[in-house]
A.B. asks: 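Once you've had a glance at the structure underneath, I'll fire off some questions.
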Amino acid sequence: VQLQASGGGLVQAGDSLRLSCAASGRTFSRYVMAWFRQAPGKEREFVAALGWSGGSTKYADSLKGRFTISRDNAKNMVYLQMNSLKPEDTAVYYCAAGALATYPVTGWDKTEYDCWGQGTLVTVSS
C-alpha cells in the first residue's frame with residue numbers, strides 16, 4: 001500500500017485541524033493504520049493507531065482527548081482530527097500502515113508498520 005498524507009498547515013493555538021491520509025491498494029481494509037509525528041530535532045513519536053474495522057484505537061497518553069483517529073475503508077482514507085492545538089504539536093505528521101495484525105499490538109512500536117507516507121507539516125503558532 002502507498003500512503004499520501006495531506007491537510008497540514010499553519011494554525012493558531014487552540015485551533016483544530018484534520019489530517020488525511022489516502023491509501024492506494026485494494027487491501028487497505030486489512031492494514032492497521034497509525035499516525036506518528038516528528039518535531040524538529042526530536043525522534044518520531046507515536047500519535048494514534050486503529051485496527052481494521054476502525055476499532056481497537058490506541059493513543060499517546062499525552063494526546064488522549066484532543067486527537068481522534070478514524071478511517072473510512074470504502075474511501076481508503078484514514079484521518080486525524082486534532083483539536084485544541086498547542087505550539088508543541090508542531091511537527092511533521094506521518095501516516096503508517098501495518099499488515100502484521102488486525103489491531104495495533106502496541107501502536108507505538110514502529111516495527112508494526114511496513115509502509116510510511118511522506119508526511120505533512122503542521123505548524124501551530126502561539
A.B. asks: Could you check Thr106 against Glu112 for side-chain hydrogen bond (donor to acceptor under 3.5 Å, both in side chains), going step by step and ending with a plain yes or no?
C.D. replies: CA-CA 8 Å; Thr106 67; Glu112 292 183 36; 2.4 Å; yes
A.B. asks: Taking only residues two or more places apart in sequence or in another chain, which ones pass side chain to side chain contact (heavy atoms under 4.5 Å, CB included) with Val32?
C.D. replies: Trp52, Pro104, Tyr113
A.B. asks: Hey, is CD on Gln118 packed in by over 12 heavy atoms from elsewhere, all under 6.0 Å?
C.D. replies: yes
A.B. asks: Measuring from atom OG of Ser70 to atom CG of Leu50, what distance do you get when rounded to the nearest 0.5 angstrom?
C.D. replies: 7.5 Å
A.B. asks: Any non-hydrogen side-chain atom of Lys58 less than 4.5 Å from a side-chain atom of Tyr103?
C.D. replies: no
A.B. asks: Does the structure place the NZ or CZ of Arg71 under 6.0 Å from the centre of the six-membered ring of Tyr31, at an angle of no more than 45° from the ring's axis?
C.D. replies: no
A.B. asks: Any chance you could measure Leu100, atom CG, to Asp114, atom CG, to the nearest 0.5 Å?
C.D. replies: 5.5 Å
A.B. asks: For the residue pair Leu17 and Val122, establish whether any side-chain heavy-atom pair is separated by less than 4.5 Å.
C.D. replies: yes
A.B. asks: side-chain contact (heavy atoms from CB on, under 4.5 Å) between Ser20 and Met77: does it pass, once the steps are laid out?
C.D. replies: CA-CA 7 Å; Ser20 300; Met77 297 291 293; 3.6 Å; yes
A.B. asks: Would Phe46 and Arg37 count as a side-chain contact (heavy atoms from CB on, under 4.5 Å) if you check the C-alpha gap in whole Å, the side-chain angles of each, and the deciding distance to 0.1 Å?
C.D. replies: CA-CA 7 Å; Phe46 172 70; Arg37 68 183 185 182; over 6 Å; no
A.B. asks: Taking all heavy atoms of Pro87 and all of Thr90, pick out the closest pair and write down the distance.
C.D. replies: O-OG1, 2.9 Å
A.B. asks: Measuring from Ser62:OG to Asp89:CG, what's the distance to the nearest 0.5 Å?
C.D. replies: 8.5 Å
A.B. asks: May I ask you to check if Arg18 and Tyr79 form a cation-pi contact, with NZ or CZ under 6.0 angstrom from the six-membered ring centre and within 45° of the axis?
C.D. replies: yes
A.B. asks: Is the gap between the ring centers of Phe36 and Tyr94 under 6.0 Å?
C.D. replies: no
A.B. asks: So do the side chains of Val47 and Phe67 get within less than 4.5 Å of each other, counting heavy atoms only?
C.D. replies: yes
A.B. asks: Flag the pair Val92 / Thr120 as yes when at least one side-chain heavy-atom distance between them is below 4.5 Å, and no otherwise.
C.D. replies: no
A.B. asks: Please report the shortest heavy-atom distance between Leu19 and Gly8, naming the atom on each side.
C.D. replies: CD2-N, 3.6 Å
A.B. asks: First locate atom CE of Met33, then atom CG of Asn73, and finally report the distance between them rounded to the nearest 0.5 Å.
C.D. replies: 9.5 Å
A.B. asks: Would you sort out whether Ile69 and Thr57 count as a side-chain contact (heavy atoms from CB on, under 4.5 Å), showing the intermediate values?
C.D. replies: CA-CA 8 Å; Ile69 188 172; Thr57 55; 4.1 Å; yes
A.B. asks: Check whether any side-chain heavy atom of Glu45 sits under 4.5 Å from a side-chain heavy atom of Leu63, and report yes or no.
C.D. replies: no
A.B. asks: Rounded to the nearest 0.5 Å, what separates atom CZ in Arg44 from atom CH2 in Trp116?
C.D. replies: 5.5 Å
A.B. asks: Give the intermediate values and the outcome of side-chain contact (heavy atoms from CB on, under 4.5 Å) for residues Cys21 and Trp35.
C.D. replies: CA-CA 9 Å; Cys21 178; Trp35 288 95; 3.7 Å; yes
A.B. asks: Does Ala23 offer a backbone N or O that forms a donor-acceptor pair with the side chain of Asn76 under 3.5 Å?
C.D. replies: yes
A.B. asks: Rounded to the nearest 0.5 Å, what separation is found between the CD atom of Gln4 and the SG atom of Cys95?
C.D. replies: 8.0 Å
A.B. asks: Evaluate the side-chain proximity of Tyr59 to Arg66: yes if any heavy-atom separation is below 4.5 Å, no if none is.
C.D. replies: no
A.B. asks: Is there side-chain contact between Thr68 and Leu80, with heavy atoms separated by less than 4.5 Å?
C.D. replies: no
